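Notes follow the structure.
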Amino acid sequence: MTWRSPLALVRDALRGQRARKMDLRSLQSNLPYEGLEKAKQPNRYFPGNAIKTTKYTPLLFIPMNLIEQFHRLANIYFVGLAILNFFPVVNAFQPEVALIPICVIMSLTALKDAWEDFRRYQSDRKLNNTPCLVYSRMEKQFMQRRWKDVRVGDFVKVVCNEIIPADLLLLHTSDPNGVCHIETANLDGETNLKQRRVVPGLCNSDPELEPESFNSVVVCEKPNNNLNHFKCYVEKPDKERVGTGIESLLLRGCTVRNTDYAVGFVVFAGHETKSMLNNNGPRYKRSKLERKLNTDVMFCVILLFAMCLVGAVGHFLWLQALPGEPPYLVPGRIGDPESASLSSFYMFFTMIILLQVLIPISLYISIEFVKVGQIFFITNDIDLYDEETDSRMQCKALNITEDLGQIEYIFSDKTGTLTENKMVFRRCSIMGKEYPHKENAIRLAVLEEPESEEEVIFNQRPQPSQAGWSLDTEEASPENIQHHHGRRHQSKISGTAQSNAAFSTPLEAEVIPDRELLQQISRAESSSGSSRRQIDPYLDFFLALAICNTVVVSMATARRQRMRRVSHSCQTKNPLGTLSSLLKRTGSLFTSRQHKPKRNSTCSDNSAIEEDHFNRTVKMEEIGGTNGVQTCSLHAPPQCENPAEIDNLYYEAESPDEAALVYTAKAYGFILLARTPNSVTVRLPSGEDLVFEVLDTLAFDYNRKRMSVLVRHPITKEYVLYTKGADYAIMELLGTPYAEHLSGNQKAIATKTQYHLDCYAKDGLRTLCIAKKVVSDKEYASWSGNRRRALAAIDGREELIMETATQLETNLSLLGATGIEDRLQESVPDTLVALQEAGIQVWVLTGDKPETAVNIGYACRLLEEEDLVINMSCTNKIACTSILDCTLEEVRRYSNDPRNVDTTQAISLVIDGQTLAMALSSDLEDRFVDLAKRCRSVLCCRVTPLQKSRVVKLVQEKLKVMTLAVGDGANDVNMIQAADIGIGISGQEGMQAVMASDFAISRFKHLKKLLLVHGHWCYSRLANMIIYFFYKNVAYVNLLFWYQFFCGFSGTAMIDYWLMIFFNLFFTSVPPIMFGIMDKDVSAELLLGVPELYRTGQGAGEYNFAAFWVSILDAFYQSLVCFFVPYLAYQDTDIDVFTFGTPLNTVSLFTILLHLSIEIKAWTVVHWVTMVGSVALYFIVTLAYSATCVTCNPPSNPYWILQSQMADPMFYLICIITTVVALLPRYLFHVLKNSITPSPIVHARHLDRLNLFSRDLWINEWRSFRGRRQVKRSRLSTPPPSTLETPVDIYPQSPTNSDITGDELTLNVFSEQKPVHM
């Protein structure tokens, strides 16, 4: 290695720092410089691929760990006192002994830190030594290297199922289309496959890449932690720039799937990779209880200083009162005022050392033990385990468990949180005509039936390839039904296995076509002339469903092990056949089944179904016992070309909406066969395969609310843009329709489609609009040039790309709309009702349109039928201000009315995203929060992820309340991180919300027990344990304080110091920890049955100012009794100091432990063992110490003291009388309080002792009287007239579309009572 001067090293370091801070990086291939020294490498300024996540090194562990521990002020306090004890003028104990407590605590913490760091070191070493393939110019091939040897500028080859070692720019793959499939589960938890494609126009060599021929320069942005964006372009030797982005970047930690190999150029390595930049380590949040604890510790510090000041002044007065100089004092200190003052000054610090235990040194580590125990019980609760997903509760933040018992506001996402996020196709509207899919609705209704019906449906295999469609009658096969019924257990296993593919459960994948729509498609297919057929809007609608998405097509025989599945043979059975068999078996199930009508639904199935014009070709069979229900079956003719191939197709979708639409298109014969970056292959119902050339994909974003795919039609050779998105995002972009196919104009089609969309939304369906545009050659040529420049840009790349997308998405032709059902999760209504009864205000923040959100709100009982629902929707700030003022004034007037003192307003607020944005402005936010806090529930619609987090922060800031946010998707991460507690649901949209959360659950219903039971227990246990710790330390240390009045405030102790150390470290440490882990004030059944009990922890809760000071005063009283009863008993005797101190120590132990026994609500074997064990340990250790340790603490001699005391009957009498007198006020206080003014918890504990029948009876009576607030439904009085021209109406029913989307302002209040007009 060549020697380099220090100046050169410094110069290189500064250059490297500047290079790493630059916004753009120019990277070159390392191959021409292979073998040269580091100073000549082109990418030498960028870090290598080795990672180091350890915090310490072996040599610097002790000083660095000490620095880390000294961040806790309590450690500095106790170390300072131990050092202060080494000065003879102020020491109170033997200096070496005084170090023991803090050394034990800090040593345990250091061992824990060392073990954690050693595990990180092992993980780093294993990862850094993982083998990988790196190209070598000298060897002319890829050679095996270790991850830590990879550098920026290397060429790395990754084979199938291998993890990517660094961030690679994809240059070549084994796929002829240049596609690489990756799984990003290690980064964001999403298990569905994602496509990455090679940078176009760089490495076209086939079949192998020649890395040595790569002579371009890669220019990219500096590293950042954004996993979804990457700015880069490749500059060729001829200065041509090829732009690329995240679609060509393979991120470190991802796994290559379904691709033999991929070759990439390393752009980021080591700690600069996006995965490492996102690895921020564990989150630390300070709980509300911890903040309150720190305040009380400061009160204890003030109390300590006051006691020390009393000791110093008392010592001064005692010295001044001495008539002469006693022989036991140092000569020269008496008679001189200055010496007395100086001695009292020293005595102040001596008293601090003596009374230091007043600050509980073991409290912090005890709290950590308690929280670990609480988390153990939470994570192992069988009720929080989800069998379907084989997942249990996860705790990621170990220090905020008690906050679960103090929640006052919950902010919840809707899709995937309250609902299953399993999208089921229900209806569609094409060219203004609605198709209700009644047969599919019957199938879904059967799935809601328990037991066997569900198993029969779910056991069906996917529909095979459809080469053509026919309508025919299919006889039910009783043998087949019995066969399926006998395989119920296998059905569940099959269903679970199928669900391993993203969004591919039978519930989502199977769709029964609508007969009338199927006939319409058949007519379009049989139309004469291929050109006329290809521009039919019905065919275009389903082509859009199959093409306009990012679904990855894979086979069952793919290499991904978790995707294995048994191939199915070609079968003529299909969902309608299954339905026919099921109808014969279930008899009159559907005619007798009572369906709860959808709230305010204006689109009924019957009104939308027209007479079947193909009755002549359909054989209808009346089924006996079904009250005239007729069925027909739909199946493909046996001439399907390659059914096994179609049956083995898997669709890997990034969202359940896309999967549902692709499976719907497949049900109608439009089968997505393959997708590459440059083409999409779709099989038509006729069996013809069409290969569409994909020219560009305009990805979905939250600003545009839509996505588009630009393709070249294989038959007409036209440039066609297929677009799908939110209704309001598509309707404003409509242009010229299919004039030759329309009987009316575009406005009529748009109006009818909008009407159907409103009906779908009111039925709780998720809606999407489908549109199309034919792009001219001239327009495409102009647009493609702008697109290439936008993709190659670095500065403002996202804005330019969005601008080009909006430039093309104009003058669209409306094809139709879809309605997709997202069903509520199990027990969501019960959970929300229980949370509201617990005093928690629930807000739902969703991106759905208001009609959909309101319908779901009623379904999940967030909104009740008797609620006054205020619907705020306005388009300008003046209207928003007026409606806020008007509504708020009326609500205040109602609250201030003396007639309404005992009533509670049942008001709910519904607000859309546009209005919410105005309400969150600085001048309106106070009024908005004031109105919202008076509402029982709030429903925010059409909100963005940023608005979700802003709402949470606003409520936290203005109302000073404890908040909880729960969500399941990446768009909920900001909201989850903003709340005091973030809960992620491991649902269908990956694990990003879970990875950003503090706690993770698999179902929303688990939130009920997590908060009402575990949250209540954790808070109650920890709050009472902390109060007990303060009491215990104050009661014990005051014994030493009272003794100072009888020893001239000299700072001496009447208890041996070793026994004082053992008292807090061993004798009284375990019982309060077990109390904090296992105590149960109320049973889980009662906490779930009476949610109102949760309110005891809200607000100030059990750990409040009064409870703290009552315990401190009680500690003072008990310490007085424990000191003066033995003092009076031994007064005027000749016992020595330690003989006097031993009964005090023993009495204090009994009093402190029996005080805890009064506080324990539920005794278990563990409590008995720890209590009896602590007493036994005290006597065993003290007896052994008194017998053996004669000179352990010179000049004192504790030899045989306790043995002598235990032989004296006076000792036992003192212990009994003192303990009874000390605890009698505490006991009487509990008796009187629980008898005269019992708390809800006391009532609940009484109910726990009753038998089950009596308890249920009492619960119902008690809840009606005390738990539930007495609600008198009352209308708001008429408010002042609005000064706006815009009408402000109150409707007794759900809003129509005009109510929600008025030009200026709409305020709707829904109620069952007589409407009042404002």
Side-chain angles (χ1 to χ4, degrees), residues 425-441 463 466-472 511-547 574-576 603 605-618 620 632-637 661-671 682-688 690 715 722 724 737-744 746 748-750 752-753 755-757 759-760 768-772 813-819:
F425 180 85
R426 291 300 303 267
R427 295 177 163 194
C428 68
S429 171
I430 305 178
M431 301 305 291
K433 182 175 178 57
E434 207 265 341
Y435 299 94
H437 289 74
K438 185 176 182 180
E439 295 84 355
N440 195 49
Q463 188 172 334
Q466 309 295 338
W469 295 102
S470 64
L471 293 170
D472 198 2
V511 177
I512 299 180
D514 184 270
R515 293 198 304 270
E516 185 178 0
L517 180 55
L518 189 60
Q519 295 159 7
Q520 180 65 42
I521 294 175
S522 299
R523 288 194 294 268
E525 276 285 299
S526 60
S527 299
S528 59
S530 61
S531 60
R532 178 179 177 83
R533 182 184 63 184
Q534 298 306 327
I535 62 172
D536 185 272
Y538 286 87
L539 302 184
D540 267 333
F541 177 85
F542 286 101
L543 283 176
L545 297 187
I547 292 176
N574 51 76
L576 271 179
C603 276
D605 292 350
N606 295 332
S607 62
I609 298 178
E610 298 181 2
E611 183 183 357
D612 191 349
H613 298 287
F614 271 24
N615 282 339
R616 63 180 183 276
T617 62
V618 181
M620 305 300 296
C632 68
S633 68
L634 175 67
H635 61 83
L661 296 180
V662 171
Y663 282 118
T664 300
K666 182 180 179 182
Y668 282 93
F670 296 81
I671 304 172
V682 179
R683 176 167 296 174
L684 299 182
S686 61
E688 179 183 2
L690 295 182
I715 297 179
Y722 290 109
K724 70 175 180 183
Y738 296 90
E740 64 273 22
H741 294 288
L742 296 178
S743 57
Q746 182 192 12
I749 295 178
K752 292 180 181 178
T753 304
Y755 173 74
H756 296 151
L757 287 169
C759 294
Y760 296 167
L768 283 175
C769 279
I770 312 297
K772 168 189 174 179
S813 299
L814 182 63
L815 295 175
T818 60

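Remember, predicted model here, so these are calculated numbers, not experimental data. Side-chain atoms are counted along with the backbone in the values below, which use heavy atoms only and exclude waters and symmetry mates.
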Please name the pair of heavy atoms, one in [X] and one in [Y], separated by the smallest distance, quoted to 0.1 Å.
X: Leu517; Y: His437; result: CD2-CE1, 4.1 Å
X: Gly816; Y: Thr753; result: C-CG2, 4.4 Å
X: Ile749; Y: Gly432; result: CG2-N, 3.9 Å
X: Glu439; Y: Pro513; result: OE1-O, 4.0 Å
X: Leu545; Y: Ala665; result: CB-CB, 4.0 Å
X: Leu815; Y: Ala544; result: CD1-CB, 4.4 Å

In the structure I gave you, are the side-chain heavy atoms of [X] and [Y] within less than 4.5 Å of one another anywhere?
X: Ile521; Y: Phe670; result: yes
X: Leu661; Y: Lys724; result: yes
X: Ile715; Y: Glu688; result: yes
X: Phe542; Y: Ile430; result: yes
X: Asp540; Y: Ile770; result: no

Let me confirm one number: the [atom1]-[atom2] distance from [X] to [Y], rounded to the nearest 0.5 Å.
X: Ser522; Y: Arg515; atom1: OG; atom2: CZ; answer: 13.5 Å
X: Leu690; Y: Arg683; atom1: CG; atom2: CZ; answer: 11.0 Å
X: Glu434; Y: Leu757; atom1: CD; atom2: CG; answer: 10.0 Å

*I would like to know whether Tyr668 and Asp514 meet side chain to side chain donor-acceptor pair (under 3.5 Å); could you show each step before the answer?*
CA-CA 9 Å; Tyr668 282 93; Asp514 184 270; 5.4 Å; no
_NZ or CZ of Lys433 within 45° of Tyr435 ring axis and under 6.0 Å_ = yes
